[in-house]
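Start at 1 with the first residue, then count along the sequence.
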Amino acid sequence: MEYLGITITADSTSKEIVPIAKAIHELLGLPITMRTLNKLGVRIEKGKVLDYKYTGPILEKALETNSTIRSIPKTGAYSTIPVVVTTIKNEDGYGIAAIGIVDVVGTVDLGSAFGDYPEIVNQVSDILKSRISTP
């Protein structure tokens, strides 16, 4: 039996990127969104593709800036929920796709979850503080 590979380009369709998005969704158990530079993408929750024509403001911003963005969108399917979106870059470093997840660290009250483990709260707090850039 011959196995075919998966190739992703800036023009890959939502159906072509589903295997990648679904694999990450299954690994993390979190909602996943993904799109390519030139085509709309997918939104996956609870093991199902909910949308084959998906985009979101943070996916678009990540592609525009070719960067990783931690944000709380004001519009879209995940408005008011912390998300993390990053680009998938080609060999020349250009963002050809973006993939996003719900930022569970941003949604958890660390004090409540790890009240008996202050060293964990301190470690995570230090990491979160290092991500915040001041103007």
Side-chain angles (χ1 to χ4, degrees):
M1 177 179 221
E2 186 178 332
Y3 293 95
L4 300 176
I6 296 174
T7 301
I8 184 171
T9 70
D11 292 313
S12 293
T13 66
S14 58
K15 293 197 187 239
E16 292 170 331
I17 63 174
V18 163
I20 297 166
K22 243 187 173 173
I24 294 169
H25 172 67
E26 289 176 16
L27 269 174
L28 300 175
L30 298 171
I32 296 291
T33 61
M34 183 176 182
R35 67 163 291 165
T36 57
L37 184 63
N38 299 323
K39 303 280 183 175
L40 296 178
V42 294
R43 180 168 68 100
I44 302 173
E45 291 182 14
K46 297 179 183 173
K48 297 186 187 222
V49 178
L50 301 179
D51 191 343
Y52 281 97
K53 294 180 179 176
Y54 184 79
T55 192
I58 312 304
L59 287 174
E60 292 177 10
K61 186 172 182 182
L63 285 168
E64 181 182 312
T65 61
N66 195 21
S67 64
T68 299
I69 299 172
R70 297 174 190 284
S71 182
I72 300 173
K74 294 178 181 167
T75 62
Y78 300 100
S79 64
T80 73
I81 301 171
V83 298
V84 179
V85 176
T86 195
T87 53
I88 298 171
K89 296 172 176 66
N90 67 11
E91 62 189 27
D92 296 322
Y94 296 107
I96 59 166
I99 189 159
I101 63 168
V102 171
D103 183 3
V104 292
V105 173
T107 61
V108 173
D109 179 353
L110 295 175
S112 300
F114 296 105
D116 294 335
Y117 304 96
E119 65 279 359
I120 294 174
V121 174
N122 290 338
Q123 287 176 359
V124 174
S125 292
D126 289 344
I127 291 168
L128 292 175
K129 286 177 189 171
S130 73
R131 292 180 182 165
I132 297 171
S133 59
T134 55

**Check: I20 and M34 side chains under 4.5 Å, non-hydrogen atoms** = yes
**T9 side, atom OG1; N38 side, atom CG - distance, nearest 0.5 Å** = 8.0 Å
**Message:** Rounded to the nearest 0.5 Å, what separates atom NZ in K48 from atom NE2 in H25?
**Reply:** 10.5 Å
**Complete:** So OH of Y52 and CG of L40: to nearest 0.5 Å the spacing works out to 14.0 Å
**Asked** Between T36 and S12, is there a donor-acceptor pair closer than 3.5 Å when you use the side chain of the first and the backbone of the second?
**Response** yes
**Request:** Treat each ILVMFWY residue as a node, draw an edge where side-chain heavy atoms are under 4.5 Å apart, and state whether V42 and L28 are in one component.
**Result:** yes
**Asked** Are I8 and I44 joined in one hydrophobic group, where the rule is that I, L, V, M, F, W and Y side chains link up if heavy atoms are under 4.5 Å apart?
**Response** yes
**Asked** Which atom pair, heavy atoms only, marks the closest approach of P31 to Y78?
**Response** CB-OH, 3.6 Å
**Prompt:** Looking at residues at least two apart in the chain, or sitting in another chain, which of them share a side chain to side chain contact (heavy atoms under 4.5 Å, CB included) with E64?
**Reply:** none
**Message:** A quick test of your reading: do over 12 heavy atoms of other residues, nucleotides or ligands sit less than 6.0 Å from NZ of K89?
**Reply:** yes
**Asked** With a 4.5 Å heavy-atom cut-off, do V83 and I101 have their side chains touching?
**Response** no
**Asked** Is the closest side-chain heavy-atom distance between S79 and K74 below 4.5 Å?
**Response** no
**Message:** For Y94 and L37: C-alpha separation, side-chain torsions, deciding distance, then whether side chain to side chain contact (heavy atoms under 4.5 Å, CB included) applies.
**Reply:** CA-CA 10 Å; Y94 296 107; L37 184 63; over 6 Å; no
**Item:** Verdict with reasoning, V85 to T68, per side chain to side chain contact (heavy atoms under 4.5 Å, CB included)
**Value:** CA-CA 6 Å; V85 176; T68 299; over 6 Å; no
**Asked** Cluster question for you: counting only ILVMFWY and a side-chain heavy-atom cut-off of under 4.5 Å, with indirect links fine, are I81 and Y54 together?
**Response** yes
**L27 side, atom CG; I32 side, atom CD1 - distance, nearest 0.5 Å** = 9.0 Å
**Message:** To the nearest 0.5 Å, what is the distance between CD1 on I58 and CG on D103?
**Reply:** 12.0 Å
**Complete:** Heavy-atom closest pair (I72 atom, P82 atom, distance to 0.1 Å) is CG1-CA, 3.8 Å
**Prompt:** Do I24 and I99 have side chains that get closer than 4.5 Å, going by heavy atoms?
**Reply:** yes
**Asked** Would a 4.5 Å heavy-atom cut-off, applied to side chains only, mark S67 and I69 as touching?
**Response** yes
**Asked** Are T55 and R35 close enough, and set up right, to give a side chain to side chain donor-acceptor pair (under 3.5 Å), and what steps lead you there?
**Response** CA-CA 7 Å; T55 192; R35 67 163 291 165; 2.8 Å; yes
**Message:** For G93, is there any backbone N or O sitting under 3.5 Å from a side-chain donor or acceptor partner on N66?
**Reply:** yes
**Request:** Scan residues 13-31 for pairs that pass salt bridge (Lys or Arg N to Asp or Glu O under 4.0 Å), counting only residues two or more places apart or in two chains.
**Result:** none
